[in-house]
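These numbers come from the heavy atoms of this one structure, side chains and all, not from hydrogens, waters or symmetry mates. Along the sequence shown, residues are numbered consecutively beginning with 1.
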Amino acid sequence: MFQPRRDYTYLMPVHFGGSLFDPETVVTQRSTSLALSYETERESLEHYIPEGFELLAPEVQVNFSKFTEINWMQGGQYNLINVAAPVRFHGEKDQVDGAYTLVVWENKTAPILGGREQTGIPKIYAEIEDLHIVRPHYATTVSYEGNTFLTMDFEATGAVTGGDLEAVKTQFASMNTLGWRYIPKVGAPGAELSQFVLYPQGMEVESAQAGLGTLQWTELTPMQNPAQYYIINSLAALPVKRVTQAVLAEGTAVLRAMGARVIE
């Protein structure tokens with residue numbers, strides 16, 4: 001009869017097997033990322049920041065990424081929208097500054113499953129368009145079953161060079177991504193597992209463009225998106241006071257998936 005190995009890591013369904021756990025495993029992938037950040041109302045954003053965290057700035061960070069040449073997907077690709085806020089975690093053992101992940105949308109199943117179960121990142125599905133490019137204009141849309149709920153637009157104004165490029169490289173090189181790994185009980189309310197996770201990752205930026213960025217959230221009805229409408233509408237309700245950063249970067253993303261750890 002099947003028995004899981006203690007030195008293996010598994011995803012469901014477990015009985016077909018897993019892989020040897022290697023804490024030094026590094027996921028690499030080519031990345032084109034459009035990062036937009038905007039100021040919003042602090043009190044409204046704090047509704048979505050768990051106790052134990054401190055919101056460092058009333059800022060929403062929205063990042064589109066197209067990943068290609070992914071080593072663990074044998075050269076496959078997928079698109080991602082990451083929504084986060086800058087925080088400090090105040091734990092009994094850990095004090096960590098990073099980006100608390102509000103939600104991640106991805107357009108492939110495989111990265112959703114691993115990200116949710118192994119590293120506590122709240123990943124869900126959406127259709128995410130590749131960047132539409134008519135230089136200097138870039139745009140993408142995010143939708144669910146034909147209902148668009150996010151549009152992002154970027155107009156490049158010039159290459160980032162010199163000290164400014166070094167600053168972008170430093171910003172992207174090491175990012176403390178923080179997630180809430182929550183597994184509900186079966187047949188009862190509450191959590192079977194509830195823990196905060198630090199998932200170290202970064203991007204080796206090779207080139208970047210500065211520009212003007214805008215985004216638009218569109219509320220959806222339960223009929224249009226029954227499983228996600230309340231998430232989308234909560235984000236849409238946060239006012240966009242001003243865009244604080246807009247940058248388009250090219251490079252290699254480096255994710256230390258097996259180096260994630262629970263923070264306390």
Checking side-chain contact (heavy atoms from CB on, under 4.5 Å) for the pair Y199/I121: CA distance, chi angles, key distance, verdict? CA-CA 9 Å; Y199 182 3; I121 305 301; 3.8 Å; yes
Just list the side-chain donor-acceptor pairs under 3.5 Å for residues 13-23, sequence neighbours left out, or say none.
residue, atom, partner, partner atom, Å
D22, OD1, E24, N, 2.9

The single option from T218, T140, V83, V142 that satisfies side chain to side chain contact (heavy atoms under 4.5 Å, CB included) with L150 is V142
Keeping the roles fixed (side chain from S37, backbone from T244), state whether a donor-acceptor pair exists under 3.5 Å. no
To the nearest 0.5 Å, how far apart are CD in E206 and CG in L165? 10.5 Å
Would you call D94 and R88 a salt bridge, using N to O less than 4.0 angstrom? no
Can you tell if the side chain of R42 reaches within under 4.5 Å of the side chain of L55, non-hydrogen atoms only? yes
Heavy atoms, side chains only, cut-off 4.5 Å: are H90 and E54 in contact? yes
E264 vs K93, test: side-chain contact (heavy atoms from CB on, under 4.5 Å). Steps then yes/no. CA-CA 6 Å; E264 301 172 290; K93 298 180 180 178; 3.5 Å; yes
Is there a donor-acceptor pair closer than 3.5 Å between any side-chain N or O of N107 and the backbone N or O of N79? yes
Taking L56 as the starting point, is it possible to reach I49 by hopping between hydrophobic residues whose side chains are less than 4.5 Å apart? no
Considering non-hydrogen atoms only, spot the tightest contact between Y10 and R5 and give its length. OH-N, 2.8 Å
Which heavy atom in A57 sits nearest to a heavy atom in L45, and how many Å separate them? O-CD2, 4.4 Å
Locate the shortest heavy-atom distance separating L238 from S44; write the atom from each residue and the value. CD2-CB, 3.6 Å
Go through the steps for Q209 and Y138 under the test side-chain contact (heavy atoms from CB on, under 4.5 Å), then give the verdict. CA-CA 11 Å; Q209 296 185 68; Y138 301 76; 3.3 Å; yes
Check ring-ring contact (aromatic ring centres under 6.0 Å, His included) between Y229 and all other residues, then give those that pass, not counting sequence neighbours. none
Which value, rounded to the nearest 0.5 Å, describes the distance between Y125 atom OH and I112 atom CD1? 8.0 Å
Heavy-atom nearest pair, A126 first then W105, reads CB-CD1, 3.4 Å
ILVMFWY network linking V205 to V62, side-chain heavy atoms under 4.5 angstrom: no
If I take atom NZ from residue K169 and atom CG from residue D164, how far apart are they, to the nearest 0.5 angstrom? 12.5 Å
Would you confirm whether N233, through its side chain, and L220, through its main-chain N or O, come within 3.5 Å as a donor-acceptor pair? yes
So how far is it from S65 OG to L34 CG, rounded to the nearest 0.5 Å? 9.0 Å
Between L235 and I232, is any pair of side-chain heavy atoms under 4.5 Å apart? no
Mind checking ring-ring contact (aromatic ring centres under 6.0 Å, His included) for Y100 and listing every partner two or more places apart, or none if nothing turns up? F53
Answer with yes or no whether the hydrophobic clustering places F149 together with L36; edges join I, L, V, M, F, W, Y residues whose side-chain heavy atoms lie under 4.5 Å apart. yes
Step by step, work out the side chain to side chain donor-acceptor pair (under 3.5 Å) result for Q245 and Q171. CA-CA 12 Å; Q245 184 183 48; Q171 176 188 346; 2.9 Å; yes
Set of residues satisfying ring-ring contact (aromatic ring centres under 6.0 Å, His included) with respect to Y78, sequence neighbours excluded: F67
Does some side-chain heavy atom of I124 sit less than 4.5 Å from a side-chain heavy atom of Q228? yes
For the pair K123 and E106, evaluate salt bridge (charged side-chain N to carboxylate O under 4.0 Å, His left out) and give the outcome as yes or no after the intermediate values. CA-CA 7 Å; K123 297 185 175 186; E106 293 177 337; 3.1 Å; yes
For T9 and Q118: C-alpha separation, side-chain torsions, deciding distance, then whether side-chain contact (heavy atoms from CB on, under 4.5 Å) applies. CA-CA 9 Å; T9 182; Q118 292 178 321; 3.3 Å; yes
More than 12 heavy atoms of other groups within 6.0 Å of Q95 CD: yes
Taking the side chain as every heavy atom from C-beta outward, state whether V240 and R242 have any atom pair closer than 4.5 Å. no
Of all the heavy-atom pairs spanning S194 and W180, show the shortest one and how long it is. OG-NE1, 2.8 Å
Using only atom types and a distance under 3.5 Å, with no angle test, would you say the side chain of Q224 pairs donor to acceptor with the backbone of T221? yes
Examine distances only and state if a side-chain atom of R181 and a backbone atom of V197 form a donor-acceptor pair shorter than 3.5 Å. no
State the CD-OG1 distance between Q216 and T141, to the nearest 0.5 angstrom. 13.0 Å
Check for me, please, whether L178 and V103 land in the same ILVMFWY cluster - side-chain distances under 4.5 Å, paths through other members count. yes
Please list every donor-acceptor pair under 3.5 Å in which a side-chain atom of residues 247-258 meets a protein atom from a residue at least two apart or in another chain.
residue, atom, partner, partner atom, Å
E250, OE1, T32, OG1, 2.9
E250, OE2, T32, OG1, 3.4
T252, OG1, R30, NH1, 3.3

Rounding to 0.5 Å, atoms NZ (K108) and CD1 (I128) come to a distance of 11.0 Å
Do P58 and E41 have side chains that get closer than 4.5 Å, going by heavy atoms? no
Heavy atoms only: give me the nearest A35-F172 pair and the separation to one decimal. CB-CZ, 4.2 Å
For residues S234 and Y48, determine if any side-chain heavy atom of one lies less than 4.5 Å from a side-chain heavy atom of the other. yes
With R6, which residues qualify under side chain to side chain contact (heavy atoms under 4.5 Å, CB included), at least two apart? none
Checking K66 side chain against S31 main chain: does a donor-acceptor pair fall under 3.5 Å? no
Are W72 and L80 linked, directly or through intermediate hydrophobic residues, by side-chain heavy-atom contacts shorter than 4.5 Å (ILVMFWY only)? yes
Kindly check if the number of other-residue, nucleotide or ligand heavy atoms within 6.0 Å of OH (Y230) is above 12? no
Test side chain to side chain contact (heavy atoms under 4.5 Å, CB included), reference T177, set T101, V104, L198, output is T101
